[in-house]
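Just below is one structure, and these are the notes that go with it.
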Amino acid sequence: MTLETIIKTETKEDTSLDLPWRVIVLNDPVNLMNYVVMVFRKVLGFDENKATRHMREVHENGRSVVWSGNRERAENYAYQLQHWRLQTLLERDD
Amino acid sequence: MRINYNIGACKPCWNGMIEFRLQIDSRITRAVVPLIIKSFSECGKTAEPVFPYPEESDQELMDTWAKSLREDLAQDRQRLARLLNDTKFAHGYVEIPDEDMELVLRALTEIRLFIRKANLEAFSDEELETGEFVLPQKPQLAQSYYLAYLVLAEVQEGLIAQAA
């Protein structure tokens with residue numbers, strides 16, 4: 001592997017890490033609405049209104065994009081939301 | 001001093017404990033505690049974390065993710081075990097240390113998800129969300145598990161009220 005290839009590869013990897021990712025929470029029939037609002041506030045730092053808006057979006061549309069940004073933070077949020085047992089996915093924000 | 005969520009009266013609490021009484025007839029609570037303990041035991045064996053990347057197959061990341069979540073969830077379950085083993089719980093009293101609240105909330109969610117999947121097939125999602133169904137028309141065992149599911153939700157409601 002030439003130096004140029006290595007630099008290109010590393011640049012590509014760095015760029016892919018910087019691509020925006022979306023944290024998506026899916027609806028489930030089990031979790032209480034006030035539980036979901038509380039989790040959004042604790043994990044994502046939302047205020048009551050924003051947390052309630054996203055909870056309603058999950059409930060009515062089946063999913064809500066609750067955060068978008070770099071992959072590392074997106075993964076961190078997804079992990080915490082899954083730990084709270086919310087169904088959470090990560091998708092590229094194309 | 002903190003004011004505790006309680007039924008009919010607020011109770012001052014000095015010792016860093018969350019205490020409240022469930023708004024459910026204690027005969028129901030006593031009847032469903034064995035089902036809750038059974039579900040608790042089973043969900044610990046079968047819980048499998050879901051990897052959040054639908055299209056990625058990085059096995060190392062998947063393994064690390066699952067292992068880490070399993071450990072965190074096991075810790076949550078340990079704290080809930082203390083509550084379930086407390087004889088007062090069967091009589092409708094919830095008493096947990098402040099610092100256990102979040103762990104217990106998460107573990108309660110896990111058991112409710114498990115009960116929904118394993119024992120409440122007789123209920124549609126819509127029925128569970130709206131509560132619009134005739135309970136005696138459901139199979140006997142599903143009725144009992146539904147009551148267990150409700151008791152756990154009631155504990156969660158009480159804890160969330162505390163958190164607020």
Side-chain angles (χ1 to χ4, degrees), chain A residues 13 16-17 19-43 46-49 51-52 55-56 58-63 65-68 71-94, chain B residues 43 47-56 58 61 64-77 101-103 105-118 120 123-131 146 149-150 152-164:
Chain A
E13 283 172 359
S16 80
L17 279 174
L19 278 175
W21 285 76
R22 290 185 295 196
V23 181
I24 297 161
V25 173
L26 305 178
N27 190 32
D28 70 65
V30 174
N31 282 313
L32 305 167
M33 290 183 183
N34 54 0
Y35 176 84
V36 177
V37 169
M38 185 201 70
V39 173
F40 285 168
R41 295 188 68 182
K42 277 183 184 295
V43 174
F46 290 172
D47 62 28
E48 180 83 24
N49 285 341
T52 303
M55 177 277 293
R56 288 210 175 112
V58 172
H59 185 65
E60 288 161 14
N61 303 339
R63 57 191 263 149
V65 177
V66 294
W67 194 82
S68 176
R71 180 168 173 165
E72 193 180 340
R73 281 189 70 189
E75 251 177 34
N76 187 284
Y77 284 135
Y79 184 89
Q80 290 184 66
L81 291 166
Q82 284 200 350
H83 188 196
W84 280 95
R85 309 304 283 157
L86 298 189
Q87 289 185 58
T88 311
L89 294 178
L90 288 168
E91 282 179 4
R92 278 199 179 83
D93 193 358
D94 294 328
Chain B
C43 85
E48 199 50 48
V50 177
F51 193 56
Y53 294 105
E55 292 167 9
E56 194 155 322
D58 180 339
L61 180 59
T64 308
W65 188 279
K67 181 173 181 284
S68 186
L69 261 181
R70 267 196 295 268
E71 286 171 2
D72 285 340
L73 294 172
Q75 198 182 8
D76 294 344
R77 268 183 238 117
M101 188 182 72
E102 292 190 359
L103 293 89
L105 265 175
R106 285 192 292 260
L108 287 166
T109 299
E110 191 179 18
I111 301 190
R112 292 182 69 240
L113 286 163
F114 177 82
I115 291 176
R116 198 285 171 257
K117 192 175 169 189
L120 297 180
F123 297 79
S124 68
D125 286 351
E126 195 183 342
E127 284 176 329
L128 286 180
E129 287 196 23
T130 61
Y146 179 72
Y149 181 83
L150 280 189
L152 294 172
E154 182 69 17
V155 178
Q156 283 196 304
E157 291 278 10
L159 292 174
I160 292 167
Q162 285 286 327

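First the proteins, then the strands, lettered A, B, ... as listed; each starts at 1. Everything numeric in this text was worked out from a predicted model, so none of it was measured.
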Quiz item: Of the listed residues (A:Val39, A:Val37, A:Leu86, A:Leu32), which shares the most heavy-atom pairs with chain B below a 4.5 Å separation?
Solution: A:Leu32
Is it the backbone or the side chain of [X] that comes under 4.5 Å from a heavy atom of chain A, or both, or neither?
X: B:Glu126; result: neither
X: B:Ser68; result: both
X: B:Leu105; result: both

What distance separates [X] [atom1] from [Y] [atom2], expressed to the nearest 0.5 Å?
X: A:Met38; Y: B:Ile160; atom1: CE; atom2: CD1; answer: 5.0 Å
X: A:Gln87; Y: B:Leu113; atom1: CD; atom2: CG; answer: 7.5 Å
X: B:Glu129; Y: A:Asp28; atom1: CD; atom2: CG; answer: 8.0 Å
X: A:Trp84; Y: B:Asp76; atom1: CH2; atom2: CG; answer: 8.5 Å
X: A:Asn31; Y: B:Arg116; atom1: CG; atom2: CZ; answer: 12.5 Å
X: A:His83; Y: B:Gln75; atom1: NE2; atom2: CD; answer: 7.5 Å

Quiz prompt | Shortest non-hydrogen separation from A:Pro29 to B:Asp125 and the atoms involved | solution =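 Looking at all heavy atoms of both residues, the shortest contact is CG-OD1, 3.2 Å.
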Quiz item: Would you call B:Thr109 and A:Val30 a side-chain contact if the rule is heavy atoms closer than 4.5 Å?
Solution: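 The answer is no, as the side chains (C-beta and beyond) never meet within the 4.5 Å cut-off.
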Quiz item: Going by heavy atoms in the side chains, are A:Arg85 and B:Arg112 under 4.5 Å from each other?
Solution: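 Answer no - side chains too far apart.
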Practice problem: Carefully, step by step, assess B:Leu61 and A:Glu75 under the rule side-chain contact (heavy atoms from CB on, under 4.5 Å). | Solution: CA-CA 11 Å; B:Leu61 180 59; A:Glu75 251 177 34; 3.9 Å; yes
